[in-house]
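Right, one structure below, let's go through it.
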Amino acid sequence: MDSLELSKIEALKNIILEWFYKNRENYSFRNNRTPYRVWISETILQQTRMSAALEKMENFFLHFPDLNSLAAAREEEVLFAFKGLGYYNRARNLLKGAKYVVSKYKDIPSEYNQLIEIPSIGPYTASAIASICFGKLTPVIDGNIKRIFARIFQIEIEIKNSLFLSQLNLILLKMFNFNILNPGDLNEALMEFGQKICKVKNPQCLTCFVQKYCLAYKNSSVNKLPFITRPENKIIVNWKLYFFINNRKVLLNQFNDFYLLKNHIGFPSIIEMNDEKFFSTHGDIYNNFLSNYKLHNFVNGDKHTITNHQIRFSYCIYDLKNIEINGEDLFWCPFENVENFLVSSGLNKTWSSVYDQIFARGGT
DNA sequence: AAGTCGGGGAA
DNA sequence: TTCCCAGACTT
């Protein structure tokens, strides 16, 4: 039985690798594969669609072409290079990681056990760097890998269950235990197979070259696998924004411990959800406006999603001419520079439409 | 072990 | 509308 399993795993490995070498995409991040570039590209790809990641990756490398330039950066610069990508702690942790590597190693180490100690690098990224850059036999586990093996081997266990992971690791251990010339290629082949053929929706089973090995196909359970528990419904959030205008400048607010987008720069805000309220600032602006926000007329703006929050933006515009502002977390910013401070897509979208309105009525 | 953290493309 | 993606970190 075990020998049958082994020969099946070896056949799978060979057939997927063969497909990969004929059909692999020429993604830009596959050029010039230094450990630094692999680290950054794999981090940007986390939980991010390929097309979106590809656009932003080159921009990041333009700002920070190598380890030392990243390690020397300010956090706001790194955050801004991550503009629109989401999960912004990835950016902060990249900076922490770069500083850590520079101080401890000077360059990125080659062993999995060293890599995983680096901030921002978890099991997936450590395995990716070790295999792609250093030829280590470290299988990566991402959503693709979980899906294709759950299907091929009919693993009917919820993917967050540790039992699922142990079964998957057993298979991967066998697959990566053969004489493999380039384990990095195998990792990428498995992921690309999941991305292009064994897709979440509309898997290409009828023409799939793995079909005869696939238990889920045999048992018509492809669309039921893998087992994934659905997250709860999104929390409805009302996010009220104040746009204070004065002489073609708008008042920006450094969020500190706000409810969402912590440490981002935005506009003075109130977040309402159920019976809870959160205020983005607590100085004069809070006393004169935010504390009595229900007296003001807010106009509905865009909808936006942040992880498990469904956000409804609304806003009002005030001319704050001749009013002094106190608060270390507040500052005036010329209209044309605002987009250099906003990182989140939701705030960018809202500012863009508000700016258009102000411009349409002649500016302020 | 469970909760947190963005955004957008596809169906 | 709903789903979920080349995950890591905190609690």
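So that the names make sense, note that chain A is the first sequence line, chain B the second, and so on, each numbered from 1.
Using a 4.0 Å heavy-atom criterion, one finds that Thr305(A) contacts the bases of the nucleic acid, with or without backbone contacts as well. Here Asn89(A) lies out of heavy-atom contact (under 4.0 Å) with every strand. If you check every strand for non-hydrogen atoms under 4.0 Å, Lys96(A) touches nothing. At the heavy-atom level, Thr43(A) lies nowhere under 4.0 Å from the strands shown. Counting non-hydrogen atoms under 4.0 angstrom, Gly84(A) reaches the backbone sugars and phosphates but no base. Contact annotation for Phe82(A): no contact, since no heavy-atom pair falls under 4.0 Å across all strands. At the heavy-atom level, Arg230(A) lies under 4.0 Å from the strands shown only through sugar-phosphate atoms. Looking at heavy-atom distances under 4.0 Å, Ser41(A) makes no contact with the nucleic acid at all. Using a 4.0 Å heavy-atom distance criterion, Asn187(A) is classed as making no nucleic acid contact. Across all strands, Ile141(A) comes closer than 4.0 Å to no nucleic acid atom at all (heavy-atom distances). Residue Ile44(A) is classed as having no contact, given no heavy-atom separation below 4.0 Å to the nucleic acid.
For the pairing with Glu192(A), the salt bridge (charged side-chain N to carboxylate O under 4.0 Å, His left out) check across Lys22(A), Arg24(A), Lys199(A), Arg30(A) returns one residue only, Arg30(A). Each of Ile132(A), Leu137(A), Thr138(A) was evaluated against Pro183(A); a single residue qualifies, Leu137(A), per the side chain to side chain contact (heavy atoms under 4.5 Å, CB included) test.
Put simply, OH on Tyr87(A) is 13 Å from P on dC4(C), counting in whole angstrom units. Look at CG on Leu45(A): it is 15 Å from C1' on dG8(B), rounded to the nearest Å. Rounded to whole Å, the distance from NZ on Lys83(A) to P on dG7(B) is 11 Å. Atom NZ in Lys196(A) sits roughly 16 Å away from atom C1' in dC5(C) (whole-Å rounding). Rounding to whole angstrom units, CZ of residue Arg92(A) and P of dC9(C) are separated by 14 Å. In this structure, Lys146(A) atom NZ and dA6(C) atom C1' are separated by 12 Å, rounded to whole Å. Taking atom CG on Leu115(A) and atom P on dG7(C), their separation rounds to 18 Å, with Å as the unit. If you measure from atom CH2 of Trp39(A) to atom C1' of dA8(C), you get 13 Å, rounded to the nearest angstrom.
Nucleotides dA6(C) and dA11(B), compared at atom P, are 14 Å apart to the nearest Å. Rounded to the nearest Å, the gap between the C1' atom of dC5(B) and that of dC4(C) is 15 Å. Comparing the same atom, P, in dT11(C) and in dG6(B) gives a spacing of 15 Å after rounding to whole Å. Comparing dG7(B) with dT10(C), their C1' atoms sit 22 Å apart, to the nearest whole Å. Comparing the C1' positions of dG9(B) and dA8(C) gives a spacing of 24 Å, expressed to the nearest Å.
Position along DNA chain C of the nearest nucleotide to Ile118(A) versus Arg30(A) favours Arg30(A) as the more 5'-ward residue. If Lys262(A) and Lys349(A) are placed on DNA chain B by their nearest nucleotide, the residue sitting closer to the 5' end is Lys262(A). In this structure, Glu42(A) and Ile121(A) both approach DNA chain C, and ranking their closest nucleotides by distance from the 5' end singles out Glu42(A).
The closest side-chain donor-acceptor pair between Thr125(A) and Glu42(A), if any, does not fall under 3.5 angstrom.
Closest to the Pro123(A) side chain, of the nucleotides dA6(C), dA8(C), dG6(B), is dA8(C). Here the nucleotide nearest the side chain of Asn202(A), chosen from dG6(B), dA6(C), dA11(B), is dA11(B). Side-chain proximity of Arg49(A) to the nucleotides dG7(B), dA6(C), dG8(B) is greatest for dG8(B). The side chain of Ser345(A) has dG8(B) as its nearest neighbour among dA6(C), dG7(C), dG8(B).
A 4.5 Å side-chain heavy-atom check between Phe298(A) and Phe313(A) finds every atom pair outside the cut-off. A 4.5 Å side-chain heavy-atom check between Asn263(A) and Tyr88(A) finds every atom pair outside the cut-off. Two residues are said to be in side-chain contact when any heavy atoms from C-beta on lie closer than 4.5 Å; Ile141(A) and Pro123(A) fail this criterion. The side-chain heavy atoms of Phe267(A) and Thr350(A), taken from C-beta on, include no pair separated by under 4.5 Å.
Below 30°, between 30° and 60°, or above 60°: for Phe255(A) and Trp239(A) the angle between ring planes is between 30° and 60°, a tilted geometry.
Distances shown here put a side-chain N or O of Thr125(A) below 4.0 Å from the OP1 or OP2 atom of dA8(C). In this model, the phosphate group of dT4(B) is not approached by any side-chain N or O of His309(A) to a distance below 4.0 Å at OP1 or OP2. Of the side-chain N and O atoms in Gln47(A), one or more sit less than 4.0 angstrom from OP1 or OP2 of dG7(C). Residue Lys303(A) has a polar side-chain atom (N or O) positioned under 4.0 Å from OP1 or OP2 of dT1(C). Taking side-chain N and O atoms only, Ser344(A) has a distance below 4.0 Å to OP1 or OP2 of dG7(B). The phosphate of dG7(B) (OP1 or OP2) has a side-chain N or O of Tyr88(A) nearer than 4.0 angstrom.
Using modelled atom types, no side-chain atom of Arg90(A) and backbone atom of Phe82(A) make a donor-acceptor pair closer than 3.5 Å.
No hydrogens or angles were tested; on distance alone, nothing pairs the side chain of Tyr124(A) with the base of dG7(C) as donor and acceptor under 3.5 Å.
Shown for residues 149-168 of chain A: no residue has heavy atoms falling under 4.0 angstrom of DNA chain B.
Phe289(A) has its ring centre less than 6.0 Å from the ring centre of Tyr318(A).
Residues in residues 105-126 of chain A take part in no ring pair (Phe, Tyr, Trp, His ring centres under 6.0 Å) pair, two or more places apart or across chains.
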